[in-house]
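For ligands, and for the atoms within them, numbers begin at 1 and follow the listed sequence. The basis for the numbers below is simple: all heavy atoms, side chains too, and nothing from hydrogens, waters or symmetry mates. Small disclaimer: the values here were computed from a predicted structure and weren't measured.
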Amino acid sequence: MDKFASILLAFIVAAVALPTLATAATSNTVENLQTAYNGESNAHARYLAFAQKADQEQYGEIASLFRAAAKAESVHAANHAAVIKKLGGTAELKLETPVVKSTKENLEAAIKGETYERDTMYPEFLKQARAEGKRQAVRTLNLAMMAETEHAKLYADALNNLANLKNTKAKEYYVCTVCGFTSAKVDYSKCPACFSHKDKFEKVS
Ligand SMILES: [Fe+2]
């Protein structure tokens, strides 16, 4: 192959490859939101199943915590789906059958899931959304990450206090219906995460 033919071939390869790479880069946030939507939707179903198990094992307070977190995950899923739609996509659900073990193991699994979302998944998705300048995606991803941080703490507290939570009754938790922030009490006038008025909080027990 002579020099001219080599240069021509390089141009052709670049012309084919570059638009493909550009398309992949611009669609990443929609794909990431889709992954997050699925994760949140499955967490919602999993936590409801964990709540049922906690009730069977007489961990009433922990059952309430799982139901509150389940509510929060459904808020995140709905928020992610709305942004996917605004970005021209359609949220698709792939529901998995929850794996339910003992309440102790379920708490451990929940902590692992929340920690992964807080430390790995959401930070990576946020970095990408910022790079793409997709502000609505940044907002929904950031709010979900803040709530998962609270969930991880609440689950860790429950696991550390497991023996004392046996034979407890249902407990009230408060979930922000705008962003999913979850708390054991509402001692503030606005949501600490999204700044919505506290009347946006829903009681879950
Ligand atoms: Fe909120």
Side-chain angles (χ1 to χ4, degrees), residues 29-30 32-51 54 61-87 89 91 93 107 109-130 132-159 170-205:
T29 285
V30 177
N32 290 344
L33 282 169
Q34 178 60 53
T35 300
Y37 168 77
N38 250 320
E40 300 288 355
S41 303
N42 279 292
H44 166 78
R46 191 163 54 246
Y47 291 163
L48 288 181
F50 287 178
E61 282 194 23
I62 298 176
S64 296
L65 173 58
F66 278 130
R67 279 189 287 271
K71 168 70 188 173
E73 309 306 15
S74 72
V75 171
H76 299 153
N79 288 348
H80 293 344
V83 178
I84 290 170
K85 199 176 170 190
K86 279 175 189 162
L87 294 175
L93 180 58
L107 279 171
I111 291 167
K112 202 175 162 190
E114 300 285 8
T115 306
Y116 165 73
E117 290 185 354
R118 180 195 67 195
D119 296 343
T120 307
M121 188 186 84
Y122 279 123
E124 283 176 10
F125 289 0
L126 272 163
K127 196 175 161 191
Q128 180 66 30
R130 285 194 187 104
E132 291 178 24
K134 295 202 163 68
R135 291 169 63 184
Q136 289 169 317
V138 169
R139 178 175 160 81
T140 190
L141 293 167
N142 202 28
L143 289 173
M145 187 173 71
M146 288 171 86
E148 309 312 15
T149 303
E150 287 306 303
H151 292 170
K153 271 189 222 163
L154 291 165
Y155 285 147
D157 287 348
L159 187 61
K171 177 180 170 169
E172 286 175 353
Y173 283 90
Y174 299 86
V175 180
C176 176
T177 53
V178 176
C179 78
F181 190 82
T182 308
S183 173
K185 51 185 182 233
V186 189
D187 52 357
Y188 29 78
S189 60
K190 287 177 179 177
C191 172
C194 76
F195 309 117
S196 295
H197 190 270
K198 71 174 179 184
D199 65 10
K200 294 286 181 191
F201 274 78
E202 190 178 297
K203 214 185 279 181
V204 181
S205 61

Next on the checklist: Would you compute the distance between atom OG1 of Thr29 and atom CD of Gln128 and round it to the nearest 0.5 angstrom?
Outcome noted: 5.0 Å

Checklist entry - Would Lys153 and Glu150 pass as an ion pair if we require N to O under 4.0 Å? => result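 Salt bridge: yes.
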
Next on the checklist: Tell me if a side-chain donor or acceptor on His76 pairs with a main-chain N or O of Tyr37 at a distance below 3.5 Å.
Outcome noted: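 Looks like no, no N/O pair under 3.5 Å.
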
Checklist entry - Is there a donor-acceptor contact under 3.5 Å from the side chain of His44 to the main chain of Ala70? => result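 Such a contact is found between His44 side chain and Ala70 backbone.
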
Checklist entry - Using the ring of each side chain (for Trp, its six-membered ring), is Tyr188 parallel, tilted or perpendicular to Phe181, with breaks at 30° and 60°? => result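 Perpendicular, since the angle between the ring planes exceeds 60°.
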
Checklist entry - Relative to the ring of His151, is the ring of Tyr155 parallel (under 30°), tilted (30 to 60°) or perpendicular (over 60°)? => result tilted

Item to check | the Fe ion (ligand 1): protein N, O or S atoms [distance under 2.8 Å] | outcome: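 Only Cys176 SG, Cys179 SG, Cys191 SG, Cys194 SG fall inside 2.8 Å of the Fe ion (ligand 1).
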
